[in-house]
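So the structure is just underneath, and the comments pick up after that.
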Amino acid sequence: MYLLSSHEIWEDKKLLTYDRAYNDTRQLDYYKERNVSLNNNSTAASKSFIDNTKSCWLRTPYASTTNMYIPVTGRGQFDGNIANLSLGISTVFRIEQK
């Protein structure tokens with residue numbers, strides 16, 4: 001079980017500015033198939049989290065500062081917040097087919 005990174009949700013080179021681990025991950029098929037990007041948040045990003053009103057932490061630190069992380073908002077949007085805020089988490093797990 002783990003927390004998602006920003007690149008696992010959004011496929012967008014703009015994230016390179018904020019997500020130092022962008023090149024170490026890829027967008028998950030679930031979000032890719034639903035065309036989730038920073039320009040097209042889609043309901044797919046928000047449906048996979050707690051509900052449509054809560055923000056949830058991702059595991060991605062905000063690259064330009066030392067006290068911020070990237071959450072996804074309840075509307076499926078990219079954001080940056082101070083790490084001491086009380087936000088939800090949504091753990092995921094991956095099942096791989098062989």
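Remember, predicted model here, so these are calculated numbers, not experimental data. Counting begins at 1 with the first residue of the sequence.
Minimum interatomic distance between H7 and Y22 (heavy atoms only, all atoms of both residues): ND1-O, 2.8 Å. Closest heavy-atom contact between Y2 and F93: CE2-CA, 4.4 Å. Between Y30 and R34 the shortest heavy-atom distance is O-NH1, 2.9 Å. What you find for R26 and D29 is that their closest heavy atoms are NH1-OD1, 3.3 Å.
Residue pairs satisfying the salt bridge (charged side-chain N to carboxylate O under 4.0 Å, His left out) criterion with at least one member in residues 57-69, sequence neighbours excluded, are listed as follows: E8-R59.
D24 pairs by the salt bridge (charged side-chain N to carboxylate O under 4.0 Å, His left out) definition with nothing, not counting sequence neighbours.
A side-chain donor-acceptor contact under 3.5 Å links T60 to the backbone of S6.
Here E11 contributes atom CD and T25 contributes atom OG1; the two are 9.0 Å apart, rounded to the nearest 0.5 Å. We find the CD1-CG distance between I9 and L15 to be 9.5 Å, quoted to the nearest 0.5 Å.
At least one side-chain heavy atom of L4 sits less than 4.5 Å from a side-chain heavy atom of L58.
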